[in-house]
Amino acid sequence: MGEGYRVAVVGATGQVGTLMLALLREREFPAREIVAFASERSVGRELDGGLVVQGLGEDTIEGFDLAIFSAGGATSGEWAPRFADAGAVVIDNSSRWRMHDDVPLVVSEVNPDALAAHRGIIANPNCSTMQMVVALKPLYDAAGIERLVISTYQAVSGTGRRAVDELLDQSHAILHEREIAAPEQYAHQIAFNALPHAGGFQSGDDHTDEERKLINETRKILGDESIAVSATCVRVPVVNGHSEAVNVQTRSELSPERARELLAAAPGVAVLDDPASAVYPMAVDADGRDEVFVGRIRRDPGCERALDMWIVSDNLRKGAALNAIQLAELLHDRGLIAQPRARSAA
Ligand SMILES: NC(=O)c1ccc[n+]([C@@H]2O[C@H](COP(=O)([O-])OP(=O)(O)OC[C@H]3O[C@@H](n4cnc5c(N)ncnc54)[C@H](OP(=O)(O)O)[C@@H]3O)[C@@H](O)[C@H]2O)c1
């Protein structure tokens, strides 16, 4: 058998899983074998590149060094601990383990050192949070952050492949003056609309779970529970690429010019900020790109220690698949994959 790790990709047929498989190959992750897992529906299906989809079972999950999950919270809840118990380090894309005390929540450019404390499961943050904290980290380090007011404009790919199909089907029907089918992925029509309802409203909460993720995950990743966060998450009829308007109130004064310099030098960030020439980040340009794009950086006229900015990134790449693979690379570089460990994340 060749050198390298034996890697499981769970959710390999999905949008994020497909991209993770491609990134493992493109970035030449040292894998000696990659095994694709998905639901029973897909078992036996041959994927691009020749991998044949396996089903999750006690006998099929043995012998992995690394397992990267992107198959929803229920699958991660059931199977991530089993992979970890069987000896794999798990990187999980779902929200299932993110706020667990024993589970590091890591963005490769922001808090890579948190990986060292892993006990078998590492969580990949929510896509909206991920791109935002990449842009906030250099500002946080320079001036601290007291408060964030966030409005997101989230693409339908963040909901999954079926939501993309629903947007395209509805758009097609409307353009051809046909009636649209009853929405299945969202509470209302998404085509030609904006829904102030990204994520779900759980048990009487007046915030969606997506908004709660932005609040809680931002604090966990930046390691600062004192940051006040106000978030409104909106689903818009964009296929791929989340946009965010973020008002950042810093603890010490930070000029837009200094913020621009800090962001231009930050890893994973690209500044696109010449609004007079119509240069600013846009979802259509971010689609397929690795960077977090930041523009419209300006002082909030209503608050002297606050800046406004516009942050855009490909939610399937940096918001999900790319960060997961970057975490795998960091684990490898830091010798954290084959470490003996005691797991207590159940
Ligand atoms: N899309 C984003 O922007 C984004 C960002 C961050 C995190 N995430 C998370 O990543 C995950 C997947 O997102 P996605 O957009 O790739 O969704 P998707 O396109 O709908 O794909 C879902 C994947 O999960 C698999 N799956 C579903 N039920 C399963 C089961 N019971 N056992 C094993 N596999 C199962 C599916 O397999 P079949 O093809 O066989 O059904 C498919 O491979 C979700 O947890 C999501 O929250 C997504």
Side-chain angles (χ1 to χ4, degrees), residues 7-11 14 16-17 20 37 56 61 64-134 136-137 158 199-203 205 207-227 229 231 233 318-321 323-328 330-331 334 336-346:
V7 181
V9 173
V10 182
V16 177
M20 292 197 309
F37 290 94
L56 292 164
I61 67 165
F64 287 97
D65 302 301
L66 184 66
I68 316 180
F69 272 67
S70 189
T75 306
S76 294
E78 183 178 355
W79 291 96
R82 295 198 193 182
F83 268 93
D85 283 342
V89 177
V90 174
I91 299 172
D92 181 31
N93 253 300
S94 80
S95 58
R96 176 63 180 81
W97 298 102
R98 288 181 192 147
M99 295 311 294
H100 198 288
D101 284 344
D102 279 349
V103 175
L105 181 64
V106 189
V107 181
S108 64
E109 297 88 348
V110 178
N111 60 337
D113 293 345
L115 285 173
H118 87 76
R119 304 178 81 167
I121 300 177
I122 293 152
N124 208 36
N126 160 261
C127 40
S128 309
T129 310
M130 184 101 69
Q131 67 183 57
M132 184 181 72
V133 295
V134 171
L136 291 181
K137 173 67 173 164
F201 290 99
Q202 320 268 326
S203 54
D205 193 354
H207 284 66
T208 67
D209 53 357
E210 193 76 4
E211 289 158 354
R212 293 283 176 209
K213 289 175 199 172
L214 262 173
I215 297 167
N216 298 330
E217 294 184 24
T218 298
R219 293 178 179 148
K220 180 168 176 176
I221 296 162
L222 291 175
D224 187 343
E225 290 297 319
S226 74
I227 301 172
V229 186
C233 291
K318 186 60 197 175
N323 194 68
I325 304 308
Q326 288 171 317
L327 296 187
L330 283 168
L331 288 167
R334 297 177 178 209
L336 291 169
I337 294 186
Q339 299 265 313
R341 61 192 181 278
R343 194 189 66 77
S344 69

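In this text, all values refer to a predicted model and were calculated from it rather than measured experimentally.
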For a quick test of reading the model, state the closest non-hydrogen atom pair linking [X] to [Y] and the distance between them.
X	Y	result
P104	A117	CG-C, 4.2 Å
S70	M20	CB-CE, 3.8 Å
V107	P125	CG2-CG, 3.6 Å
G319	M130	O-CE, 3.6 Å
V90	A80	CG2-O, 3.5 Å
P112	V106	CA-CG1, 3.9 Å

Within the 4.5 Å heavy-atom criterion, are [X] and [Y] side-chain neighbours or not?
X	Y	value
L115	L331	yes
R98	K220	no
D65	V89	no
E217	M99	yes
R219	D224	no
D209	S95	no

task = Go through the structure and list residues passing side-chain contact (heavy atoms from CB on, under 4.5 Å) with S94, not counting sequence neighbours.
result = S76, D92, R96
ask   = Which residues satisfy the side-chain contact (heavy atoms from CB on, under 4.5 Å) test with S108, sequence neighbours excluded?
value = K318, N323, Q326, L327, L330
Donor-acceptor contact present, side-chain E78 to main-chain T75, <3.5 Å = no
inquiry  = So does L336 get a backbone contact from the side chain of H118, meaning a donor-acceptor N/O pair under 3.5 Å?
reply    = yes
inquiry  = Under the criterion side-chain contact (heavy atoms from CB on, under 4.5 Å), I'd like the reasoning laid out for S128 against E210: C-alpha separation, chi angles, the key distance, then a yes or no.
reply    = CA-CA 8 Å; S128 309; E210 193 76 4; 3.6 Å; yes
message = Could you go through V103 and I122, starting from their C-alpha distance and side-chain angles, then the distance that decides it, and tell me whether this counts as side-chain contact (heavy atoms from CB on, under 4.5 Å)?
response = CA-CA 5 Å; V103 175; I122 293 152; 5.5 Å; no
In Å, rounded to the nearest 0.5 Å, how long is the span from [atom1] of [X] to [atom2] of [Y]?
X	Y	atom1	atom2	value
R212	I215	CZ	CD1	5.0 Å
C233	N126	SG	CG	7.5 Å
R82	I61	CZ	CD1	6.5 Å
I68	N93	CD1	CG	9.0 Å
I91	W97	CD1	CH2	16.0 Å
H100	L105	NE2	CG	13.0 Å

query = Do D101 and R119 meet the salt-bridge criterion of a basic N to acidic O distance under 4.0 Å?
reply = no
query = Are F37 and F69 an aromatic pair by the rule of ring centers under 6.0 Å?
reply = no
